[in-house]
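Structure first, commentary second.
Atom set for the values below is all heavy atoms of this structure, side chains included, hydrogens, waters and symmetry mates excluded.
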Amino acid sequence: MSDRSYGTARAAVGALAAVLALSACGKGQAADGGQPKQEDAGIVVGAENVLVVAAEPISSGPVLSGTLSAEREAQVRAEASGSVLQVFADRGQAVRAGQTLARIDDAALASASISAQSAVRTAEQALAVARRNAERAEALAGAGAIADRDMETARWNVTNAQGQLAAARAQLSNVQKQLSKTTVRAPISGVVNDRPVSAGDVVQPGAPMFTIIDPGSMRLEGSVPASELGALRVGAPVRFTVTGYPQGFTGTIRRISPSADPVTRQVPVYVSIPNTGGALVGGLFAQGRVEAEARQGITVPATAIDERGVQPSVLRLRGGKAERVNVAVGVRDPQTDRVEVTGGIAAGDTLLIGAALGTTPGTRVTVRAAGAAPAPAAR
């Protein structure tokens, strides 16, 4: 190769090297000659860390809590004194109105009844004799055979016999009434909830013997602040949950107390709850909300809203990137820990929740499908 050709080749190689160097420099530096760019790899979140906003029913109203009790309950007490001979019903047993529950010793009253019946028969016979004597006296008086005084005496004897018969019958009625009280009967249909007596016990009038409840209807007695009394009305529905039951229940406000508690300033409210299937039992704790207002709206978990700033905000996923959006909030439901959002987002938007709340706005976010393997860690 000639010296001239060799020089030309060296010049071409140098030019190519310069072009490659400039190209490499352009790839490694920013257009303004700053630091090298870092490629944004983004983050991957699970499906449990995203929420698709949807419109759903919203109910607002005062919160109620209290203990369930039977709306109809009867305390059966002894009305006669004596020893309990037999008991025919036990706890948990269903009974009908009028059914015999127990018998109390009635020997003394039975004897008194026999005596009273005998007294009635004697009084009836005495009245019959007095009437016959009065009839004869009237006949003799008409013939002028007896004095008027004898006639008046005969009539007085009839009146006296009538009074004695009335007293004997009243005594018999009283004894029979007392005798009937030795048979203890159920005043209502329901279930025996308590039975503090047993055969052989001696009872006195007023002693408790049975407690019967009607499980067909339950009652929830709760209280609301006086400031929320305006949201209550008789007949308003109440939705509530009961400890130990997975499903919810619905009742109706039957009564509102006309006065508030002087200490707590709470107003008692009584809710009637149908219990046709007998699913509910008394004594359990219940908590619910009066549905004073019901409408469609958007609610999100309270934890999805950041309220540390001047205006509440949420993290929305749009275009594959996280962005912070200011929102307006409405009613809050402490039962479900959800908050109504009245502005800033719409149905169909996707929000970041849970562990994804720490995502920096502008970060690219990829949602991993439920059940998919986690993405490998970046090296």
Restricting to non-hydrogen atoms, name the atom on Ile104 and the atom on Ala78 that form the minimum distance, rounded to 0.1 Å.
CD1-CB, 4.5 Å
Minimum heavy-atom separation for Val314 to Ala304, with atom names?
CG1-O, 3.6 Å
Nearest heavy-atom contact between Ser198 and Asp201 is N-OD2, 2.8 Å
For Thr299 and Glu340, does a side-chain donor sit closer than 3.5 Å to a side-chain acceptor?
no
From Trp156 atom CH2 to Met151 atom CE, the distance as rounded to the nearest 0.5 Å
15.5 Å
Residues Ser272 and Glu71: side-chain donor-acceptor under 3.5 angstrom
yes
Could you tell me if the side chain of Glu79 sits less than 4.5 Å from the side chain of Met209, heavy atoms only?
no
The side-chain hydrogen bond (donor to acceptor under 3.5 Å, both in side chains) partners of Thr360 (sequence neighbours excluded) come to none
Is the shortest heavy-atom distance from the side chain of Val45 to the side chain of Val50 under 4.5 Å?
yes
Going by the rule salt bridge (charged side-chain N to carboxylate O under 4.0 Å, His left out), which residues pair with Glu307 if we only count those two or more places apart in sequence or in a different chain?
Arg332
Heavy-atom side-chain proximity of Ser69 to Glu221 below 4.5 angstrom
no
Would you say the side-chain atoms of Ser223 and Gln266 include a donor-acceptor pair closer than 3.5 Å?
no
Applying side chain to side chain contact (heavy atoms under 4.5 Å, CB included) to Val271 and Arg219, what does each step give before you reach the verdict?
CA-CA 6 Å; Val271 180; Arg219 180 180 66 187; over 6 Å; no
Is any side-chain heavy atom of Leu315 closer than 4.5 Å to one of Pro361?
yes
Taking salt bridge (charged side-chain N to carboxylate O under 4.0 Å, His left out) as the test, write out the residues that go with Arg169, two or more places apart.
Glu124
Do Arg195 and Asp90 have side chains that approach each other closer than 4.5 Å (heavy atoms only, starting at C-beta)?
yes
Tightest non-hydrogen contact, residues Thr182 and Ala80, listed as CG2-CB, 4.1 Å
Please identify which of these residues, Val53, Ile345, Leu51, Val52, meets the side-chain contact (heavy atoms from CB on, under 4.5 Å) condition with Thr350.
Val52
Closest heavy-atom pair, Ala260 versus Val267, reported as atoms and distance to 0.1 Å, is CB-CG2, 3.9 Å
How about Val329 and Thr342: do any of their side-chain heavy atoms sit closer than 4.5 Å?
no
Are Arg318 and Asp349 within salt-bridge range, i.e. N to O under 4.0 Å?
yes
Using a 4.5 Å cut-off on heavy atoms from C-beta on, say whether the side chain of Val242 contacts that of Leu68.
yes
So do Phe88 and Val95 actually touch side chain to side chain, heavy atoms under 4.5 Å?
no
Val269 and Leu284: same hydrophobic cluster, using ILVMFWY side-chain contacts below 4.5 Å?
yes
Testing Asn326, Val327, Val325, Ile305 for side-chain contact (heavy atoms from CB on, under 4.5 Å) with Ser313, which one passes?
Asn326
Quick check for you: to the nearest 0.5 Å, what is the distance between Lys321 atom NZ and Thr359 atom OG1?
14.0 Å
Taking all atoms of both residues into account, what is the closest heavy-atom pair of Arg368 and Val44, and its distance?
CB-CG1, 3.9 Å
